[in-house]
Amino acid sequence: MTDHITKEKLSTNSQDKDIVLSVKGVSKKFCRSLKRSLFYGVQDIAGELLGIRGEKNELRHKEFWALSDVSFDLRRGETIGLVGKNGSGKTTLLRIIAGLIKPDAGYVDVYGIVAPLIALGAGFNPILTGKENIYANMSILGLSKKEIDERFDEVIDFAEIEDAIDAPVQTYSSGMAARLGFASAIYTEPEILLVDEVLAVGDSKFRGKCFQKLHDLRQKGTTFLLVSHDSHTVLTVCERAVYLQKGELIEVGDTQSVITHYEKDLFLNVTESPSKNHPIKSINTNQQFAITSIFFRNEDDEIIDVPTTGEPTYLCVTCQVKETLTNVGLTFSIKGMAEGGDQVLLMNSLHDERSLSFSSGKQEVRLEMPYLGLKLGAYVLDVYAKRDGLYHLDSVEDYRFQVKATKSMNRCLFYQPRSWKVLQSYQDLKLNDEKTE
């Protein structure tokens with residue numbers, strides 16, 4: 001574990017003039033027991049007063065590392081995304097950078113004004129009015145009374161709470177308080193802005209206004225550290241990304257590669273990969289028709305365990321049939337585990353005007369997909385077989401499979417085959433034809 005480095009020691013080191021935030025070897029531990037945490041707190045304070053320093057690199061009973069030896073730099077005008085599952089240490093790191101809590105090891109050095117958009121309105125005094133809270137919060141962030149006076153009207157206009165500005169904040173709705181908190185923070189015009197999943201404030205029109213203001217700040221050279229579970233937002237906004245997992249720094253680098261790494265860990269470890277021998281739990285009581293297996297084939301007719309985004313794929317179902325059946329329809333319902341189990345794809349042969357017929361014996365149904373549109377992730381498949389659209393033959397539910405990706409899919413919900421061309425406009429082509437004549 002990295003030893004704690006003081007600001008005085010840091011000042012002797014050479015500093016890249018473009019670096020506005022330096023996180024070096026930061027570690028932070030917490031205790032899972034409140035009583036024991038209070039005891040450790042008293043113990044640490046007493047040790048500091050008596051000049052007895054305990055070993056900060058060792059965990060005491062019921063303690064754990066929320067962050068462990070995290071290091072990265074942030075340069076002026078850069079936007080960096082912070083990704084990781086819940087509990088990975090993202091908010092803890094932001095609170096350390098904002099100066100709300102101290103690290104147990106390592107250091108954070110900031111060059112400029114930091115505005116944390118971590119919990120909007122959380123620092124407001126409920127008894128004070130909105131106006132009084134604006135002055136209190138913006139002064140804490142480093143502005144003089146004169147500077148606040150100059151920006152006061154803009155803050156009120158942006159927050160859209162002019163009618164309630166002289167009322168106590170305790171009478172505000174949570175949305176009003178959040179909007180005021182956002183406006184107070186961004187109008188300090190900070191050098192560094194910490195944004196932690198707080199842009200879901202208000203209606204879509206207000207959220208659009210928030211993003212426009214962030215864009216304006218970015219154009220002026222403001223540096224952003226953005227926390228989001230939305231990979232699309234991180235990819236769209238950030239040049240680089242930091243990936244945390246259980247407090248450990250996994251990767252820092254290009255946003256595309258970091259997000260790909262993060263999503264592979266997030267999705268492909270959810271379930272074990274099925275194989276061609278994966279047992280099928282049929283829900284059939286009708287022995288006319290029984291689904292016996294589900295698997296995938298590639299374009300070379302080979303059985304594969306994990307299909308690939310954008311590749312030709314066959315979704316196959318084998319059936320054991322005891323008598324000739326006609327007008328049979330199969331339905332494939334695919335739900336995304338990353339989407340909370342919501343259905344992402346529904347395919348029904350009868351809806352596609354393709355009635356299936358079976359003779360007795362073992363048979364295989366193949367659904368041909370010229371390009372697999374599913375993105376990288378874990379999925380659940382339900383299969384239903386019916387005759388004449390109503391008569392239930394068999395069904396299999398909760399068949400789990402995974403999809404891997406070799407193409408850039410992070411900005412998309414599904415894969416779309418595509419090609420690009422540049423053509424002259426119709427008017428230009430017409431003029432060229434006239435000249436030729």
Side-chain angles (χ1 to χ4, degrees), residues 15-23 72-83 90 93-100 108-121 123 133-162 178-202 204-228 230 232-242 252 254-255:
Q15 181 224 341
D16 185 335
K17 63 180 181 180
D18 291 328
I19 293 178
V20 293
L21 172 67
S22 183
V23 177
F72 64 91
D73 292 324
L74 190 56
R75 287 176 168 75
R76 192 175 308 282
E78 184 180 27
T79 302
I80 191 168
L82 190 56
V83 299
K90 302 186 299 298
L93 179 57
L94 255 62
R95 291 181 179 277
I96 290 174
I97 294 171
L100 302 177
V108 173
D109 203 70
V110 178
Y111 303 90
I113 297 175
V114 177
L117 298 181
I118 298 175
L120 296 179
N133 272 292
I134 289 174
Y135 277 88
N137 274 263
M138 295 183 78
S139 62
I140 289 173
L141 292 174
L143 269 66
S144 65
K145 184 179 183 302
K146 181 182 177 182
E147 291 173 318
I148 300 173
D149 288 339
E150 293 171 349
R151 305 174 194 186
F152 182 78
D153 290 338
E154 292 180 291
V155 173
I156 297 175
D157 289 342
F158 191 93
E160 301 175 1
I161 58 166
E162 184 176 0
R179 293 202 304 271
L180 185 60
F182 184 90
S184 299
I186 61 175
Y187 276 97
T188 60
E189 297 186 357
E191 280 86 4
I192 305 169
L193 193 61
L194 310 179
V195 185
D196 184 10
E197 297 280 16
V198 296
L199 296 179
V201 177
S204 58
K205 180 181 177 182
F206 186 81
R207 289 198 298 273
K209 189 163 70 170
C210 291
F211 277 109
Q212 182 61 53
K213 184 61 180 177
L214 293 177
H215 172 75
D216 293 342
L217 289 174
R218 185 178 180 182
Q219 294 298 106
K220 294 177 181 178
T222 300
T223 301
F224 289 85
L225 181 56
L226 172 68
V227 173
S228 179
D230 183 358
H232 176 77
T233 298
V234 176
L235 280 160
T236 302
V237 175
C238 305
E239 297 95 356
R240 291 195 302 140
V242 176
V252 180
D254 170 69
T255 307

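Side chains are part of it too, since the values below use all heavy atoms of this structure and drop only hydrogens, waters and symmetry mates.
- With a 4.5 Å cut-off on side-chain heavy atoms, Leu214 and Phe182 count as touching.
- Here the CD1-CD1 distance, from Ile134 to Ile161, works out to 6.0 Å after rounding to the nearest 0.5 Å.
- Taking the side chain as every heavy atom from C-beta outward, Val242 and Val23 never approach each other to under 4.5 Å.
- Within the 3.5 Å criterion, the main-chain N or O of Val237 finds a donor-acceptor partner in the side chain of Arg218.
- Judged purely by distance below 3.5 Å, without hydrogens or angles, the side chains of Tyr111 and Asp18 never pair a donor atom with an acceptor atom.
- Distance alone, capped at 3.5 Å, places no donor-acceptor pair between the Thr222 side chain and the Glu191 backbone.
- Using modelled atom types, one side-chain atom of Thr188 and one backbone atom of Ala185 make a donor-acceptor pair closer than 3.5 Å.
- Heavy-atom neighbours of Glu150 CD from other residues, nucleotides or ligands within 6.0 Å: above the threshold of 12.
- Between Phe158 and Lys209 there is a side-chain heavy-atom pair separated by less than 4.5 Å.
- With ring centers used as reference points, Phe152 lies 6.0 Å or more from Tyr187.
- A 4.5 Å side-chain heavy-atom check between Cys238 and Ile80 finds every atom pair outside the cut-off.
- Side-chain N or O atoms of Thr255 include one that pairs as donor or acceptor with a backbone N or O of Glu239 at under 3.5 Å.
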